[in-house]
A.B. asks: 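Structure incoming, see below.
As the structure is a computational prediction, the values presented were derived from the model and not from experiment. If you read the sequence from its start, that first residue is 1, and numbering goes on from there. Atoms within a ligand are numbered from 1 in the order they appear, just like the ligands themselves.
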Amino acid sequence: MSRLRVAVLASGRGSNLQALIAARDAGELPIDLVLVGSDKAKAGALQLAGDAGIPTFVLDPKAFASRRDFDVELFRRLDESGADVLVLAGFMRILDGEVLKPWVGRMINIHPSLLPKYRGLHTHRRALEAGDAEHGASVHYVTAELDGGPVIAQALIGIRPGDDELQLAQRLLTFEHQLLPAVLRLIAESRLSLLPPDVVVLDGNPRNGPLQLRNGHLVD
Ligand code: GAR
């Protein structure tokens, strides 16, 4: 069987991309990384991809007349790459709901909160300010609704007394690096799909809640 062809979009340092590369290299993730794209020329993710021999591209939002024009070109590049699946790994732009439609069911995002809590930005700060006892990260199918698509799996961590935003983000990141490859592996093994509009199907069975990351594995 041919390996899943995966494209990644990232705006920042790219540690989640690095986790995918490491899992692939360790033989734990049967994928080919075919393209990494960014909206930021200086994104660390581009450097990591280049070092790993993965083709890259940058699109500068300022070079486009509108947000929609940017997204049309973005998805043209992704289509052209022949990717089966698109992973948003710290891609910090809102995508046009119409333009992304053909990718619904083939596009996942990692978000640093226990969705549906804290969509959008500053999730760690908001969890701390709310006095939450727990925080976490979610991987979800991307739909037109920002951070609103069906959640596939979550990693949950406790908030410790004295945690600040940075400590919390850093501690969570370690679990993100397990969560994202674990979900992508289910897709690569053809075990996971989206039954539109919002039902996650695992091994042929509709799920009624996210999988949980425990000891590096996804469980009920
Ligand atoms: C990660 O924490 C990811 O969950 C978050 O950006 C960070 C990227 O880190 N994504 C979002 O906030 C998306 N809304 P990385 O560049 O080191 O992978």
A.B. asks: With sequence neighbours left out, which residue pairs that include part of residues 37-46 fulfil the side chain to side chain donor-acceptor pair (under 3.5 Å) condition?
C.D. replies: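 Applying side chain to side chain donor-acceptor pair (under 3.5 Å) to every pair that reaches into residues 37-46, excluding sequence neighbours, yields S11-D39.
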A.B. asks: Are the side chain of R5 and the backbone of G82 linked by a donor-acceptor contact shorter than 3.5 Å?
C.D. replies: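 Between the backbone of G82 and the side chain of R5 there is a qualifying donor-acceptor contact (under 3.5 Å).
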A.B. asks: So, taking the atom named CD1 in I108 and the one named CH2 in W103, what distance separates them when rounded to the nearest 0.5 Å?
C.D. replies: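 Reported value, rounded in 0.5 Å steps: 12.0 Å.
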A.B. asks: I need the nearest protein heavy-atom contact for atom 9 (O) of ligand 1: residue, atom name and distance, please.
C.D. replies: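 Protein heavy atom with the smallest distance to atom 9 (O) of ligand 1: R13 NH2, 3.2 Å.
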A.B. asks: What protein heavy atom is closest to atom 10 (N) of ligand 1, reported as residue, atom name and distance in Å?
C.D. replies: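 Heavy-atom neighbour on the protein nearest atom 10 (N) of ligand 1: I110 O, 3.5 Å.
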A.B. asks: Transitively linked via ILVMFWY side-chain contacts under 4.5 Å: L202 with L115?
C.D. replies: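 The answer is no; the residues belong to distinct hydrophobic clusters.
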A.B. asks: Taking 4.0 Å as the limit for heavy-atom contacts, which would you say applies to L173 with ligand 1: side chain only, backbone only, both, or neither?
C.D. replies: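 The answer is the side chain.
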A.B. asks: Looking only at distance, does G14 have an N or O less than 3.5 Å from an N or O of ligand 1?
C.D. replies: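 Min N/O separation from ligand 1 is below 3.5 Å for G14.
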A.B. asks: My understanding is that we take every heavy atom of each candidate and find the minimum distance to atom 11 (C) of ligand 1. Doing that for G44, A43, S15, P112, which one comes out nearest?
C.D. replies: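 Comparing heavy atoms across G44, A43, S15, P112, the nearest one to atom 11 (C) of ligand 1 lies in P112.
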A.B. asks: Is it true that E145 and R119 have a side-chain N and a carboxylate O under 4.0 angstrom from each other?
C.D. replies: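 Yes, E145 and R119 are salt-bridged.
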A.B. asks: Starting from atom 14 (N) of ligand 1, find the nearest protein heavy-atom neighbour and note its residue, name and distance.
C.D. replies: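 Atom 14 (N) of ligand 1 sits closest to the protein heavy atom H111 ND1, 3.2 Å.
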A.B. asks: Which of the atoms of ligand 1 are close to E176, meaning less than 4.0 Å from one of its heavy atoms?
C.D. replies: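 Listed by number with element, the hits are 1 (C), 2 (O), 3 (C), 4 (O).
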A.B. asks: Can you sort out which atoms of ligand 1 are near M92, meaning under 4.0 Å from one of its heavy atoms?
C.D. replies: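 So the answer, numbered in order with elements, is 11 (C), 12 (O), 13 (C).
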A.B. asks: Students should be able to answer this: which protein heavy-atom is nearest to atom 6 (O) of ligand 1, and at what distance?
C.D. replies: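 The closest heavy atom on the protein side is G90 CA, 3.7 Å.
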A.B. asks: Name all residues meeting the ring pair (Phe, Tyr, Trp, His ring centres under 6.0 Å) criterion together with H177; count only those two or more places apart in sequence or in a different chain, and write none if there are none.
C.D. replies: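 If we apply the ring pair (Phe, Tyr, Trp, His ring centres under 6.0 Å) test to H177, skipping adjacent residues, there are no hits.
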A.B. asks: What is the ring orientation for H135 with H124, classed by angle as parallel under 30°, tilted 30 to 60°, or perpendicular over 60°?
C.D. replies: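 Because their plane-to-plane angle is over 60°, the rings of H135 and H124 count as perpendicular.
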A.B. asks: Could you tell me whether ligand 1 has any atom less than 4.0 Å away from a heavy atom of Q18?
C.D. replies: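 It does not; every heavy atom stays at 4.0 Å or beyond.
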A.B. asks: Is R126 reaching over with its side chain to a backbone N or O of L121, donor-acceptor style, under 3.5 angstrom?
C.D. replies: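 Answer holds: yes.
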A.B. asks: Just distances here: any N/O of N16 and N/O of ligand 1 closer than 3.5 Å?
C.D. replies: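 By distance alone, the answer is yes.
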